[in-house]
Q: 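Below you'll find the structure I mean.
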Amino acid sequence: MPCTSRKTPPRPRPTTLRAQIDDLQTRLREAETHLEHLAITRKTVTGLADRLPAGPPGPPEHPNYPRIFDAFNHATGPLRAKDVCEAFGHELLPKNVEGTRAKLKRLAKLGILAEIDTGGFARKQ
């Protein structure tokens, strides 16, 4: 029978093993803390995202808004409140012009129209 001697690999010292265990425990605590922070961040971001509107706001409900869009679709340049009133066939009374101007400003605030100069409005490109 041939003699085969099996050498056992050298065993690490207990102090080396304890140092490795301590290092692994420290790394595990750091990873768990990081995961807790990620969970908190995810909860915060999801909570904020739930508050955001689903899409861009549309024009307010009013029968004049489709007519305003129609006036801008037929225009070759920017329009003023008086121009829109004329397109509607309204008299150029201050109450009509101011009401139309308020609607144009609201559409500009919603990002549907652009106010290119004081009182001049155009479709957003």
Q: Who are the salt bridge (Lys or Arg N to Asp or Glu O under 4.0 Å) partners of D23, not counting sequence neighbours?
A: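 In terms of salt bridge (Lys or Arg N to Asp or Glu O under 4.0 Å), with neighbours along the sequence ignored, D23 is linked to R27.
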
Q: Pairs in or reaching into residues 66-85: which pass side chain to side chain donor-acceptor pair (under 3.5 Å), with residues at least two apart or in two chains?
A: N64-R67, D70-H74, N73-R123

Q: Scan for ring pair (Phe, Tyr, Trp, His ring centres under 6.0 Å) pairs involving residues 76-112, sequence neighbours excluded, and state none if there are none.
A: F88-H90

Q: Roughly how far, to the nearest 0.5 Å, is the OG1 atom of T33 from the CG atom of L28?
A: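 Answer for the CG-OG1 pair, L28 versus T33, is 9.0 Å.
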
Q: Can you give the donor-acceptor pairs under 3.5 Å from side chains of residues 94-101 to other protein atoms, not counting sequence neighbours?
A:
from: N96; atom 1: ND2; to: E91; atom 2: O; distance (Å): 2.9
from: E98; atom 1: OE1; to: R101; atom 2: NH1; distance (Å): 3.2
from: E98; atom 1: OE2; to: R101; atom 2: NH1; distance (Å): 2.4
from: T100; atom 1: OG1; to: N96; atom 2: O; distance (Å): 2.9

Q: Tell me which pairs pass ring pair (Phe, Tyr, Trp, His ring centres under 6.0 Å) where either residue lies in residues 17-51, with sequence neighbours left out.
A: none

Q: R18: which residues meet the side chain to side chain donor-acceptor pair (under 3.5 Å) condition with it, sequence neighbours left out?
A: none

Q: Looking at A87 and A71, what are the two nearest heavy atoms and their distance?
A: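 Of all heavy-atom pairs spanning A87 and A71, the closest is CB-CB, 4.0 Å.
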
Q: Could you pull out the closest heavy-atom pair between F121 and F72, with the gap in Å?
A: O-CE2, 3.2 Å

Q: With sequence neighbours excluded, tell me which residues meet side chain to side chain donor-acceptor pair (under 3.5 Å) with T26.
A: R29

Q: Enter the distance from Y65:OH to L107:CG here, rounded to the nearest 0.5 Å.
A: 5.0 Å

Q: K105: which residues meet the salt bridge (Lys or Arg N to Asp or Glu O under 4.0 Å) condition with it, sequence neighbours left out?
A: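 Residues passing salt bridge (Lys or Arg N to Asp or Glu O under 4.0 Å) with K105: E115.
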
Q: Checking T41 now: which residues fulfil side-chain contact (heavy atoms from CB on, under 4.5 Å) with it, not counting sequence neighbours?
A: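 T41 satisfies side-chain contact (heavy atoms from CB on, under 4.5 Å) with V45 only.
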
Q: By the rule that ILVMFWY residues connect when side-chain heavy atoms come within less than 4.5 angstrom, directly or transitively, which residues belong alongside I116?
A: none

Q: With sequence neighbours left out, what residues match R13 under side-chain contact (heavy atoms from CB on, under 4.5 Å)?
A: T15, T16

Q: Report the C-alpha distance between R42 and L38 in whole Å, list the side-chain angles of each, state the deciding distance to 0.1 Å, and finish with yes or no for side-chain contact (heavy atoms from CB on, under 4.5 Å).
A: CA-CA 6 Å; R42 180 185 176 140; L38 286 174; over 6 Å; no

Q: List the residues meeting side chain to side chain donor-acceptor pair (under 3.5 Å) with E86, not counting sequence neighbours, and say none if there are none.
A: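 Per chain and number, E86 pairs via side chain to side chain donor-acceptor pair (under 3.5 Å) with no residue.
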
